[in-house]
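See below for the structure under consideration.
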Amino acid sequence: MSKKILGEGIDVSYAQGRIDWAKLRGKIDFAIIRCAYRGATTGTIVEDPYFRDNIKGATENGIKVGVYFFTQAITEAEAVEEASTAVALVSGYKLHFPIF
């Protein structure tokens, strides 16, 4: 007998466009939401344009959430900057999973 640990989940970012989270209520157990990324050519950190809508929509519909930062850090300083940005972005939100 297998044990269902996490359930069904999705990974979302701006690429999925606007999501109707109410339609997903009861169909998925969790969402891992991209909060930001580091631009490959510019090296600047960019908040995912749908992050706030996604985390708000998921949590308002009872879907457990975690977040990820799409990293392109090549130095320790960049990694620290990315981690600090992710922590700042999730401030005020209840996460059920870690920041990835």
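With a 4.5 Å cut-off between side-chain heavy atoms of Ile, Leu, Val, Met, Phe, Trp and Tyr, the cluster of I45 takes in F69. Within the hydrophobic cluster formed by Ile, Leu, Val, Met, Phe, Trp and Tyr side chains joined at under 4.5 Å, directly or through other members, Y14 is accompanied by Y50.
Nearest heavy-atom pair across L95 and G66 is CD2-CA, 4.5 Å. Heavy-atom minimum distance, K23 versus K27: O-CD, 3.3 Å. Residue A22 comes nearest to N61 through the heavy atom pair CA-OD1, 3.4 Å, listed as atom of the first residue, atom of the second, then distance. The minimum heavy-atom distance linking I99 with A86 is given by the pair CG2-CB, 3.8 Å. Minimum interatomic distance between A31 and I63 (heavy atoms only, all atoms of both residues): N-CG2, 3.8 Å. The shortest heavy-atom contact between L89 and A36 is CD1-CB, 3.9 Å.
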*Check the pair K56, E60 against side chain to side chain contact (heavy atoms under 4.5 Å, CB included), reporting the backbone distance first and the verdict last.*
CA-CA 6 Å; K56 182 178 178 211; E60 286 178 351; 2.9 Å; yes
*Evaluate side chain to side chain contact (heavy atoms under 4.5 Å, CB included) for I10 paired with I32, printing each intermediate quantity in order.*
CA-CA 6 Å; I10 58 173; I32 306 299; over 6 Å; no
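F100 and V12 fall into different hydrophobic clusters, where Ile, Leu, Val, Met, Phe, Trp and Tyr are joined by side-chain heavy atoms under 4.5 Å apart, directly or via other members. Residue I19 is grouped with residue I28 when hydrophobic side chains (ILVMFWY) are merged at heavy-atom distances under 4.5 angstrom, including chains of intermediate members. A continuous path of ILVMFWY side-chain contacts below 4.5 Å connects I33 to Y93, so both sit in one hydrophobic cluster. Y37 and F51 are assigned to two separate hydrophobic clusters, defined by single-linkage of ILVMFWY side chains at heavy-atom distances under 4.5 Å. Cluster annotation: V46 is connected to F70 through the hydrophobic network of ILVMFWY side chains, with a link wherever side-chain heavy atoms come within less than 4.5 Å.
In terms of the salt bridge (charged side-chain N to carboxylate O under 4.0 Å, His left out) criterion, R25 has no residue partners (sequence neighbours excluded). Legend: residues meeting side-chain hydrogen bond (donor to acceptor under 3.5 Å, both in side chains) with T42, ordered by chain and number and at least two apart, are T44. Remark: S13 engages A15, Q16, R34, D48, Y68 in a side chain to side chain contact (heavy atoms under 4.5 Å, CB included) (not counting sequence neighbours).
Applying the side-chain hydrogen bond (donor to acceptor under 3.5 Å, both in side chains) test to every pair with at least one member in residues 82-92, sequence neighbours left out, gives these pairs: R38-E82, T71-E82.
For the side-chain contact (heavy atoms from CB on, under 4.5 Å) test with W21, the passing option among I55, N54, T59 is N54; the others fail.
Formation of a donor-acceptor pair under 3.5 Å by the E81 side chain with backbone atoms of A77 is not found in this model. Using modelled atom types, no side-chain atom of D29 and backbone atom of G9 make a donor-acceptor pair closer than 3.5 Å.
With respect to the salt-bridge test (charged N to carboxylate O, under 4.0 angstrom), the residues D53 and R18 qualify.
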